[in-house]
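In what follows, a structure is listed as structure tokens, so that the remarks can point back to it.
We're numbering straight along the sequence, starting at 1.
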Amino acid sequence: MKQPASEAQQGGPDAAATPEPPTPHATTHSSAKSSGEKVGWRALGLRLDVRNLSLLGVLAALVIVGGITKPDQFLDTNNLQLVLTQASVIGVVTVGMTFVITSGGIDLSVGAIVALASVWATTLATQEYGFAGILFTAVIVGLACGLVNGLLIAYGGMVPFIATLAMLASARGLALQITDGKTQIVTVDSVLDLGVRDSYILGIPPLVLVFAAVTVIGWLILNRTTFGRRTVAVGGNAEAARLAGIDVRRQRLYLYLLSGLCCGIAAFLLIILAGSGQNTNGNLYELDAIAAAIIGGTLLSGGRGTIVGSVLGVLVFTTITNIFALNNLQSDVQQIAKGAIIVAAVLVQRRTVRNGES
């Protein structure tokens with residue numbers, strides 16, 4: 001009789017699922033197999049470290065390109081602060097997306113949830129409650145959408161692609177209905193003040209500090225908690241995780257709740273940054289978040305995730321967008337470049353996993 005599979009263990013800076021242990025019938029080869037598996041996953045962990053170093057190299061190269069093409073503008077302190085601030089919004093979304101993808105799922109509704117949370121939190125009725133009312137509404141709307149996604153996927157048996165696609169359409173439609181296509185201006189000074197330079201701490205915008213806090217918390221949860229190990233285990237082998245005693249459905253519900261929470265936080269940051277709520281907010285955030293997670297090293301099929309790599313991916317994409325904007329390049333060129341990067345990242349990822357298993 002087979003023994004239940006154990007929960008996945010972490011290795012290095014990234015969380016990765018370990019193969020299912022051998023059965024008692026394979027005792028003659030167990031020692032050699034175990035050694036081979038350890039060597040294989042240790043080598044894979046080394047490749048992931050190399051990937052992060054490579055992303056740092058790409059980021060450095062982009063900074064050099066920006067400095068050469070537009071030295072007075074790109075290297076200006078205000079512009080660099082703007083890059084980090086813009087990265088903060090999509091970065092918070094990407095942290096939640098990393099957890100979902102690590103578990104073997106996908107969330108196409110993150111951009112629409114950000115839009116819905118931002119417009120719901122900036123209605124006149126909500127703004128009457130001030131700072132706390134706007135923050136509370138944004139977070140609650142994000143959590144509610146994540147709850148619906150989680151229930152449909154975990155307990156309704158719907159495919160994540162279909163469930164989150166339906167949420168995308170519904171949330172966008174509801175956001176449009178709330179705003180009637182108009183921009184909702186924020187009039188709460190305590191919210192707007194967080195976006196001005198006087199609120200910067202040691203030259204760092206508050207939004208960047210929030211992003212840093214979310215990143216650190218996300219890394220700790222994924223790499224140093226039982227919740228993170230269960231997330232990796234579910235993504236690596238859901239059936240083995242179930243046999244090990246993990247409530248797979250509940251875990252998936254929690255993960256989509258976490259994604260919704262990140263969307264709510266990102267919506268609040270976007271309200272601070274834009275000073276308004278619009279139904280067009282968060283456009284294509286799902287593409288940017290998925291792309292950043294993938295090029296960072298998170299396995300699209302699940303079983304491995306890296307918060308550090310995802311954050312580096314966000315910074316790479318945000319820097320590319322900023323350089324393109326400063327050089328007056330059209331947005332369609334940006335999307336083509338992002339698409340090419342995604343394809344290249346997936347091809348490299350497949351080869352990395354294949355070599356790690358060999």
Do side-chain atoms of Gln184 reach the backbone of Val119 as a donor and acceptor pair under 3.5 angstrom? yes

Heavy atoms of Gly313 and Ala292 approach each other most closely as C-CB, 3.8 Å

Shortest non-hydrogen pair, Val110 vs Tyr285, comes out as CG2-C, 4.1 Å

Residue pair Leu192 / Val196, side-chain heavy-atom distance below 4.5 Å: no

How far apart are the C-alpha atoms of Asn149 and Ser259, what are their side-chain angles, what is the distance that settles it, and do they pass the side-chain hydrogen bond (donor to acceptor under 3.5 Å, both in side chains) test? CA-CA 10 Å; Asn149 280 337; Ser259 179; over 6 Å; no

Considering residues, nucleotides and ligands other than Phe136, do more than 12 of their heavy atoms fall under 6.0 Å from its CZ? no

Report yes if some heavy atom in the side chain of Met97 is under 4.5 Å from a heavy atom in the side chain of Ile290; otherwise report no. yes

Nearest heavy atoms of Met167 and Cys145, plus distance in Å: CE-O, 3.6 Å

Taking all atoms of both residues into account, what is the closest heavy-atom pair of Glu286 and Asp107, and its distance? CB-O, 4.2 Å

Taking the side chain as every heavy atom from C-beta outward, state whether Val93 and Ile113 have any atom pair closer than 4.5 Å. no

Any Ile90 side-chain heavy atom under 4.5 Å of Gln86 side chain: no

Pairwise distance CD1(Ile101) to CG(Leu300) - rounded to 0.5 angstrom: 6.0 Å

Does the pair Ile178 and Leu116 meet the rule for a side-chain contact (heavy atoms from CB on, under 4.5 Å), with working shown? CA-CA 9 Å; Ile178 291 174; Leu116 179 59; 3.9 Å; yes

Under 4.5 Å between side-chain heavy atoms, hopping through other hydrophobics if needed: is there a path connecting Leu143 to Val214? yes

To the nearest 0.5 Å, how far apart are CD1 in Ile271 and CD in Gln278? 11.0 Å

Beyond-backbone contact of Leu273 with Leu269, side-chain heavy atoms, under 4.5 angstrom: no

Please check if the side chain of Ser109 supplies one atom and the backbone of Ala112 the other of a donor-acceptor pair under 3.5 Å. no

Would you indicate whether Gln177, at its atom CD, is surrounded by more than 12 heavy atoms from other residues, nucleotides or ligands within a distance under 6.0 Å? no

Using atom types as modelled and distance alone, determine if a side-chain donor or acceptor of Arg172 lies under 3.5 Å from a backbone N or O of Asn279. yes

Single-linkage hydrophobic cluster Val232~Phe227, side-chain heavy atoms < 4.5 angstrom: yes

One should read off an interatomic distance between Ile307 CD1 and Thr94 OG1, to the nearest 0.5 angstrom, of 9.5 Å

Between CG of Leu152 and CZ of Arg252, what distance do you get to the nearest 0.5 Å? 14.0 Å

Out of Ile140, Val141, Ile134, which one pairs with Trp120 under the side chain to side chain contact (heavy atoms under 4.5 Å, CB included) rule? Val141

Where do Phe268 and Val114 land on the side-chain contact (heavy atoms from CB on, under 4.5 Å) test, with the steps shown first? CA-CA 9 Å; Phe268 182 71; Val114 169; over 6 Å; no

Residues Leu194 and Leu207: closest non-hydrogen pair is O-CD1, 4.3 Å

What one should report as the nearest heavy-atom pair of Tyr256 and Ile106 is OH-O, 3.0 Å

Nearest 0.5 Å, what's the OG1-CD1 distance between Thr231 and Ile221? 9.0 Å

Straight-line distance of Leu257 CG to Phe99 CZ, nearest 0.5 Å: 13.5 Å

Under 3.5 Å, is there a donor-acceptor pair between the side chain of Asn223 and the main chain of Trp219? yes

Would you say the side-chain atoms of Asn322 pair up with the backbone N or O of Thr318, donor to acceptor, closer than 3.5 Å? no

Sub-3.5 Å donor-acceptor pair from the side chain of Thr298 to the main-chain atoms of Gly305, do we have one? no

Kindly determine whether Val65 and Lys70 satisfy side-chain contact (heavy atoms from CB on, under 4.5 Å), including the steps that lead there. CA-CA 8 Å; Val65 170; Lys70 293 289 182 179; over 6 Å; no

side-chain hydrogen bond (donor to acceptor under 3.5 Å, both in side chains) evaluation trace for Asp193 with Ser199: CA-CA 7 Å; Asp193 289 345; Ser199 66; over 6 Å; no

According to the side chain to side chain donor-acceptor pair (under 3.5 Å) rule, which pairs have a member within residues 123-146, sequence neighbours left out? Thr123-Thr126, Gln127-Thr187

Can you check whether Leu315 reaches Leu84 side chain to side chain, under 4.5 Å on heavy atoms? yes

With hydrophobic residues grouped by side-chain heavy-atom distances under 4.5 Å, do Val216 and Val89 end up in a single group? yes

Taking it one step at a time, do Ile320 and Val316 satisfy side-chain contact (heavy atoms from CB on, under 4.5 Å)? CA-CA 6 Å; Ile320 289 175; Val316 166; 4.0 Å; yes

Under 4.5 Å between side-chain heavy atoms, counting indirect links through other Ile/Leu/Val/Met/Phe/Trp/Tyr residues: same cluster for Val100 and Val311 or not? no

Pairwise side-chain contact, Arg197 with Asn78, heavy-atom cut-off 4.5 Å (strictly under): yes

Do Val208 and Leu82 land in one hydrophobic cluster if side-chain heavy atoms of ILVMFWY residues count as linked below 4.5 Å? no

When you compare the side chain of Thr319 with that of Phe74, does any pair of heavy atoms fall below 4.5 Å? yes

